[in-house]
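Below, chain A is the first sequence line, B the second, and so on; all start at residue 1.
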Amino acid sequence: MRELVRPAARIDVPVEGKIIGIRRLTAREKVFRIELPGGARLAHQPGQFVMVGLYGSGEAPISITSPPSPGESFELCVRAAGALTHRLHSMEEGDVVGIRGPFGRGFPVREMEGYDMLFVAGGLGLAPLRSLIRYVLERRDRFGSVTILYGARTPADRLFLDELAQWEGDRSIDFRQSIDVGEGDWTGRVGVITTLFRGMELKPARTMVAVCGPPVMYRFVLIELLARGFLESRIYLSFERRMCCGLGKCGRCQINGEFVCRSGPVYSYLHAGRLREAL
Amino acid sequence: MREWVLSGDDLEGLIDSISAEWDLYAPQRKGRLFEFRRLRDFEDLCIEYPLTMIPPSSLFAPGSEVLYHFDPDRPAEIESVDPARPIALFGVHPCDLAGIAILDELHLSPPIDRCYANRRSGSFLVAVECAAPCVEESLCADKETYRARRTFDLLLIPSSGDRWFLRSGSEAGDDVARSCRFLRPATYEDRCRGDEESAARNARFKARFGLDAPTLSARVEASWDDLLWSAQSRLCLSCGACNAVCPTCHCYAVDDVLPVKRGESGERRRRRTGCQLADFAVVAGVENFRGEKAFRLRHRIFKKEVYLVERLGRSGCVGCGRCGHFCPAGIRLVEIFRQISGEEKVDA
């Protein structure tokens, strides 16, 4: 009992992440490109998250929105919601934030190979899913058809507009979007995200589904998916919970016996559907 | 296992030997309550105390502590916290010892909790066995935590005629005992008498529900949809007192304290929080995943009786009775278990 243990930094003590690029997406969301000291790789899986900290404002879990890459930086999509994220939004290139991680389990990318991919993203849920979408698009030949469904509250709330346009124009991608509230010169579809399923030809037996969005969306998307015969084991959901430590210790993110920061945030519905507080 | 005999007058000598190496904390009066604090004067020791409001494990996992220091102007540089001076806890009840054993398992399993390890490593535990359950809410007989079986360095067992048995549970315990010249090794006769007294004491600890841990766990698990959770939580004030006094509650939040003056360092701190507080499971200030008192009470009991049982193989509740004893709304674990055990089950 006398020995003191000092775990590696990045797990319980943050390292310095330098902001090397900032892009505004909407009135509330910005994307920050972050570089670790000495150009170290984050080495994350799509769906994982990091703890972002600013001294004076504590830490918050933020999902990684860029795909794993051999490059030396990564992207975080941040909504200005609380004290820490508002401060982040006022920061400039060259400023420094604390980074711990990556934490948790992401999407099972290897198991997904060979399948058709169906992505269902609602609102800010596109941020973590974008990591997987881009991972798949970078290895297009390893996957079957790619379908992306995106729902946002208003046209102005939509994220990554340039990429949405790119997906829309790509003949190898079936991209559909809908907004809840019609506004301005919006000529696209209006309605909740589940309306996008109407008239779609999907092959549930050979499809992997990745879903991320607000909690209420899961209930209705799951009803839709299960009614169409998608398998519980091939529906992956990313859960948002409040994480303070990322180490399975602080108890804040617990769903039943699971620590979302360790065994999640991505769970198959086969597993999550049996947790009694998950959905 | 080695055992010695000492007289009540020798307790001071034992405390002096331990204090030579450790900062010694012992139960003392605090108004109408009791607490573990540094023992400055032997006269202040209350070795026969009912229970402290704050469990002694809080010396290893305090309500608030510094994770590390930082310089707001140079965020890359972090000073870690100095190694804690090793402490000794003198007079820990068996239930609280069981609580420390659970925190050990949770915090010292990888990834190791640096701060807990810092305080716990090199510490010295002297347990004391109880003569009888200390409060009406005690469940130590049901939880089988009324006897100290492990985790202690030394164990004091009360005996008749102002005498104590002293049992060692570790090498550090052996060393301390060897340094105490006034200890007399227990003879065969001593041991026989000790066993008799022990049996008489054990008889005073009667299990209330007669449910073993797996059965209770299964019954709790089956109670998810029962009305008892909303019925029992009706008066809950969401104050979190039950979490604050629980020897195995360990959830925390992280805050920063900025320096007042330039050039001073700031502190990244963690403070204990509790699953009974209304905003415990709020995400990004909007969604509350346990927005009802019934959900929060159910989570607390499920965490102890189901989730920790799955993880540790034993209940996360050590039966100390504090949560009920100090609950301002009178919510009692005993009552919840009574309903769950089938006698007064309220069904949906």
Heavy-atom pair with the smallest gap, counting every atom of [X] and [Y]:
| X | Y | answer |
| --- | --- | --- |
| B:Cys251 | A:Gly251 | SG-CA, 3.6 Å |
| B:Tyr307 | A:Gln254 | CD1-NE2, 3.8 Å |
| B:Arg268 | A:Leu54 | NH2-O, 3.5 Å |
| A:Asn256 | B:His299 | O-CE1, 4.4 Å |

Among A:Ala278, A:Gly248, A:Pro215, residue most engaged with chain B (heavy-atom pairs, under 4.5 Å):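 Ranked by contacts with chain B, first place is A:Pro215.
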Look at the side chain of A:Arg252 and the backbone N and O of B:Ala281, then say whether any donor-acceptor pair between them is shorter than 3.5 Å. no
Short question: side chain of A:Lys249, backbone of B:Pro111 - any donor-acceptor pair under 3.5 Å?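 Between the backbone of B:Pro111 and the side chain of A:Lys249 there is a qualifying donor-acceptor contact (under 3.5 Å).
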From [X] [atom1] over to [Y] [atom2], what is the distance, rounded to the nearest 0.5 angstrom?
| X | Y | atom1 | atom2 | answer |
| --- | --- | --- | --- | --- |
| B:Asp256 | A:Leu84 | CG | CG | 9.0 Å |
| B:Arg270 | A:Cys245 | CZ | SG | 9.0 Å |
| B:Leu258 | A:Ser57 | CG | OG | 7.5 Å |

Counting heavy-atom pairs closer than 4.5 Å to chain A, which one of [options] comes out on top?
| options | answer |
| --- | --- |
| B:Phe280, B:Phe295, B:Phe302 | B:Phe280 |
| B:Lys303, B:Glu267, B:His250 | B:Lys303 |
| B:Arg290, B:Arg272, B:His107, B:Glu310 | B:Arg290 |

Can we say B:Glu287 and A:Arg241 salt-bridge, meaning some charged N sits less than 4.0 Å from an Asp/Glu carboxylate O?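 Judged by the 4.0 Å cut-off on N to carboxylate O distance, B:Glu287 and A:Arg241 do not form a salt bridge.
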Measure distances from A:Arg262 to the heavy atoms of chain B and classify the residue's part below 4.5 Å as side chain, backbone, both or neither. side chain
Examine whether an atom of A:Phe259 lies under 4.5 Å from a heavy atom of chain B, and if so say whether it belongs to the side chain, the backbone or both; otherwise answer neither.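 The answer is the side chain of A:Phe259.
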So what's closer than 4.5 Å to chain A heavy atoms on [X]: side chain, backbone, both or neither?
| X | answer |
| --- | --- |
| B:Arg269 | neither |
| B:Ser109 | both |
| B:Pro259 | neither |
| B:Asp279 | backbone |

Using 30° and 60° as the class limits, which term best fits the ring planes of A:Tyr55 and B:Phe70: parallel, tilted or perpendicular?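 Parallel, since the angle between the ring planes stays under 30°.
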I'd like to know whether NZ of A:Lys30 has more than 12 heavy-atom contacts from other residues, nucleotides or ligands below 6.0 angstrom.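 Enclosed: over 12 neighbouring heavy atoms sit under 6.0 Å from NZ of A:Lys30.
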